Structures are given as C-alpha cells and as structure tokens.
K.L.:
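Please read through the structure below; I'll follow up with questions.
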Amino acid sequence: MDIQALQQRFIERYGVTEEPVRAFFAPGRVNLIGDHIDYNGGQVFPCAIEHGTAMLIRRSNDEMVKLASDNFDLMANLRQEELETKYDDHWINYPLGVLQQFHMAGIKIAGFECLYFGNLPSAAGLSSSAAIEVVTAFALNELYEANMDLPAIAVLCQKAENQFVGVQCGIMDQYAVAMGEKGHAMLLDCQTLECEQVPLSLQDYSFVLVNTNQRRELSESLYNERVQQTMEALRLLQGQHEIMQLAELKVSQLEACKHLFSAHPTEYKRALHVVEEQNRVVQAVAELKASNLKEFGRLMYASHDSLRDQYGVSSDPLNLLVDLTRDNPDVLGSRLTGAGFGGCTVNLVKKGAIDAFKKTISEPYQSATGLTATFLDFVPCQGVRELDLIAAPEVS
Ligand code: GLA
C-alpha cells in the first residue's frame, strides 16, 4: 500500500492547511477455527493479516465531516445533524456508526476530513467492514484524545455494527483487527474478552486463503437469522440449565435436552454446532501448541462440515473448494472462514506444494462453477496502528 501516494491524493482532494494530516491502518482478519460462536460466548482463534484499510485524516476548523474513499467515487460532506442518516448498503455507514457511538459516549467530534483506501477483497469474509470501523475509531480516539484502550475501541465498533449498520455480529472481527500481534493468532474468549496470543508456528506449512469470488446474497439477513436461532435455542435450554450463553453447555448436556427441541429441529442443529465448535477450538489450540498440525487440520475439516451441515452457512462454491483439497496429501486442513455464504476458505498447505495446490483448485473450480478462484498468502500481523507520513507540504 503506497501511503505517500495516498497522502498526495488527500492533498489534491482537500488542499493544504496548517493542520497536520495523520495516517492510520487497520488490517483484515482470518479466523482459523471457531466460526459462529463468538455471539454465543464461545472461544475463537483469529489473526490479523497485512491487507486492510488505511485512513488519512485531518481536523478542520468547521463542523463538517468529509468522508471519501479512494476505492469508490462517492464522497460525503455532512453537517453534524446529517450524521444520523443511514445510507443503503454503503461503506459510509461504518464510519457513521462509529461517530454515533462516540456521540453516545459523550465524546464531541467536530469537523474533519478523511480519505480511506482498502486493499482487502470486498465481501470475502475478511472483515473489511471491521477494518473501516476500527481504523476510524482508533484515529478519532487519537485526534480527540479520548483515551480509550484497544479492547474498548473494539467493543465500541461492535456496537456501531449492531446498532447503526444493523448486523448482530459478535466481537471477534473488531477485536482481532484491533488486537492482532505479528506472528500470533489469538485465542479469544468472547464472553470474558480474555485473550491469549498464541505463536503460530507452522513448521513446513503455511495458511493460504482461497476466495470463491461468489456474489454473496442476503448474507446480512441470513446472518441475523442464525443469531436469532441460537438465541431461541438458549431460551429453550435456560429452563433446564443455568447458562448465560450457549457455548457454556457441554455436548452431553445438550444431547440430554434434545426432547426440548422436538418442535425446533433447526435450532437444535445450530446449538449442536456451537457446543461442538467450542470444543474443537480448545482442542485445535492445544494441538497447535503441541506442534500436531495434522490434528489441527483434521479439526478444520470437521469445523467446515459442521458449518455446512449443522449451521447451514456454507455454499456450493465453498464446499467445492474444500472438497478439492480432501485427497491432497499436501493439505492438512481446509474450511470456510468467517460468516460464510461465500467468501474464502482457509487452507493449511505444505510450503513447497503451494503452487501445485493452486493448480489442483483453479481449473476444476472454474469449470464446475464458472467462477475464478483467487489466492492470498498471509502471515499474522499487528492490529490497528498509526503509520509514519512524510511531513505535510508547507502552507504557501
Ligand atoms: C462475521 C461476524 C463475526 C462472526 C463471524 C462468524 O464475521 O462479524 O462476529 O460471528 O461472522 O464466525
């Protein structure tokens, strides 16, 4: 990402003033195992990646909020009283949701000008929306000296997504984007927000993303439907067990309550995914620490199968990408990552065999789906941060 070139475009768009321009960056994230359990109080295992969203920002003397992106044409110049209006399905809702949360927290944000640029593939399940939210909140926190720490910023951004954007997401994406550490994935307990950074030592193996490039339809409403189904399962179970969240339940306890679900078979399947996936995360992290990558990979496949069969969030292209790896001895594991309904798979592939792996996917995938799979290698990176800029040009 060329930040100096972005600075140039910022100046072309907004001109030079005495105020300094500052640059910030928030990464995307890949979840290695543990999907659709963050909003059920489970543990997840994501890491931040080096693709993400940069934001250049400068305070202005008036009250106008000017939002522009180098990826899209539309820019918005908004007066303070216009900040509460939501735009249909638009990236601008992410910064607006964050601004609303600052406002609700009693932190006054006056006028500013900003320019975003992102290099994450969009709609790929790599948290491009959380990256925009977190980079915005981090930058405003710095500019207006609001003194929030990173976990508080992550929680604020989750609320922005829940309350303004309208997706009932959990905390995983915003937390991973805020708190990522180079070379580590994080074991995050989404109920307590306890977080353990685990070194990602992969020996002769690497993680590789494969993007289905499938158009995601209705993914937000289907996502919210899944959240509702697990809330319903929790409600049914709370008559029998003193639990706050589904992930607290043992598999045997759920099985013993199957009769409660006679009129709710779908909710039972959703709950089964949650309690089993929770176990898989704990086991997978233990296997990784014991350098047992083969077992980690087996749990990735089991996670995918459960997201497909119990949770109903996979898609034909995602299933095909995973199936194309099953007989490949150089691939230890493969699963959809993130919300599903399209997006990417994450694959644990032998280092010397990555090119061959790509070949075994590309052609059969294209001929079966008419879509082109694209590949992204990644290593775990640091979360949100400020970037160095060369000094702003002198005011003439
Ligand atoms: C989306 C949400 C997360 C999480 C994942 C699925 O990325 O934003 O909170 O629920 O889906 O694990």
Side-chain angles (χ1 to χ4, degrees), residues 26-49 52 91 93-94 97-98 120-134 151 154-180 185-191 193 195 209 211-212 216 218-231 234 245-247 270 273-278 280-281 284 299-300 303-304 306-308 310-315 318 335-346:
R29 67 95 190 90
V30 175
N31 189 24
L32 301 177
I33 191 158
D35 272 308
H36 287 280
I37 61 171
D38 60 344
Y39 51 85
N40 287 301
Q43 285 166 285
V44 294
F45 196 50
C47 62
I49 61 176
W91 68 270
N93 292 328
Y94 302 117
V98 168
L120 279 167
S122 69
L126 303 179
S127 293
S128 53
S129 51
I132 299 176
E133 289 156 1
V134 171
V155 170
L156 179 143
C157 292
Q158 182 201 8
K159 284 194 193 148
E161 181 115 10
N162 293 165
Q163 295 171 11
F164 193 82
V165 181
V167 179
Q168 301 311 314
C169 66
I171 187 67
M172 172 171 74
D173 301 351
Q174 291 80 6
Y175 205 95
V177 163
M179 298 287 289
M186 64 185 79
L187 177 60
L188 172 65
D189 183 321
C190 299
Q191 194 161 21
L193 294 192
C195 176
L209 285 166
N211 190 344
T212 57
R216 293 205 289 182
L218 295 176
S219 60
E220 289 186 2
S221 57
L222 290 170
Y223 182 93
N224 286 346
E225 184 187 85
R226 296 298 180 281
V227 176
Q228 286 313 315
Q229 288 166 337
T230 52
M231 295 305 141
L234 177 65
Q245 308 238 42
L246 264 189
R270 306 299 188 241
H273 166 76
V274 172
V275 294
E276 290 184 340
E277 183 82 348
Q278 165 62 24
R280 278 189 288 270
V281 174
L299 291 160
M300 290 175 72
S303 168
H304 181 82
S306 175
L307 288 160
R308 180 192 63 204
Q310 313 296 354
Y311 220 73
V313 293
S314 193
S315 65
L318 281 167
R335 61 186 292 278
L336 73 82
T337 179
F341 311 110
C344 293
T345 62
V346 56

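In each ligand, atom 1 is the first atom listed, and ligand 1 is the first ligand listed. A quick note: this is a predicted structure, and the numbers were derived from the prediction, not measured. Basis for what follows: all heavy atoms, side chains included, without hydrogens, waters or symmetry-related copies.
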K.L.:
Could you tell me which atoms of ligand 1, counted from 1 in the order shown, lie closer than 4.0 angstrom to a heavy atom of Asp35?
P.N.:
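In order of number, 6 (C), 12 (O).
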K.L.:
Counting heavy atoms only, name the option from Asn162, Leu336, Asp38 that's nearest to atom 4 (C) of ligand 1.
P.N.:
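Residue with the shortest heavy-atom distance to the ligand atom: Asp38.
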K.L.:
Can you tell me how far the CG atom of Leu234 sits from the CZ atom of Arg270, to the nearest 0.5 Å?
P.N.:
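Taking CG in Leu234 and CZ in Arg270, the distance rounds to 16.0 Å.
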K.L.:
Based purely on interatomic distance, does Gly170 place a nitrogen or oxygen under 3.5 Å from a nitrogen or oxygen of ligand 1?
P.N.:
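N/O-N/O distance under 3.5 Å: yes.
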K.L.:
Is there a heavy atom of Arg29 sitting under 4.0 angstrom from any atom of ligand 1?
P.N.:
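In this structure, Arg29 qualifies as a contact of ligand 1 - some heavy atom is under 4.0 Å.
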K.L.:
Classify the angle between the aromatic ring planes of Tyr223 and His36 as parallel (below 30°), tilted (30 to 60°) or perpendicular (above 60°).
P.N.:
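Correct class here is tilted.
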K.L.:
Closer than 4.0 Å to some heavy atom of Tyr39 - which atoms of ligand 1 meet that?
P.N.:
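Atoms satisfying the 4.0 Å criterion: 10 (O).
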K.L.:
Which atoms of ligand 1 sit under 4.0 Å from any heavy atom of Cys169?
P.N.:
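Per the distance check, 2 (C), 8 (O), 9 (O).
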K.L.:
Just to be sure I'm reading this right: ignoring hydrogens, which of Tyr175, Phe341, Tyr223 gets closest to atom 10 (O) of ligand 1? Compare them by their nearest heavy atoms.
P.N.:
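Selected option, by shortest heavy-atom distance: Tyr223.
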K.L.:
Roughly how far, to the nearest 0.5 Å, is the CG atom of Asn31 from the CG atom of Asp173?
P.N.:
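Spacing of CG (Asp173) from CG (Asn31) equals 8.0 Å.
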K.L.:
Which heavy atom of the protein is the closest neighbour of atom 8 (O) of ligand 1, given with residue, atom name and distance?
P.N.:
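Minimum-distance protein heavy atom for atom 8 (O) of ligand 1 reads Asp173 OD2, 2.7 Å.
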K.L.:
Hey, are Arg280 and Ser303 close enough side-chain-wise for a donor-acceptor pair under 3.5 Å?
P.N.:
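Arg280 and Ser303 do not have a side-chain donor-acceptor pair below 3.5 Å.
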K.L.:
Just how far is it from atom CZ of Phe341 to atom OG1 of Thr212, taken to the nearest 0.5 Å?
P.N.:
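Here the rounded value is 13.0 Å.
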K.L.:
Against heavy atoms of Met172, which atoms of ligand 1 measure under 4.0 Å?
P.N.:
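Near Met172, the atoms of ligand 1 are 4 (C), 5 (C), 12 (O).
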K.L.:
Working to the nearest 0.5 angstrom, can you tell me the gap between Ser219 OG and Arg226 CZ?
P.N.:
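Result: 11.0 Å between the selected atoms.
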K.L.:
Quick one: pull up CD in Gln43 and CE in Met172 and give me the separation to the nearest 0.5 Å.
P.N.:
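So the gap between those two atoms works out to 13.0 Å.
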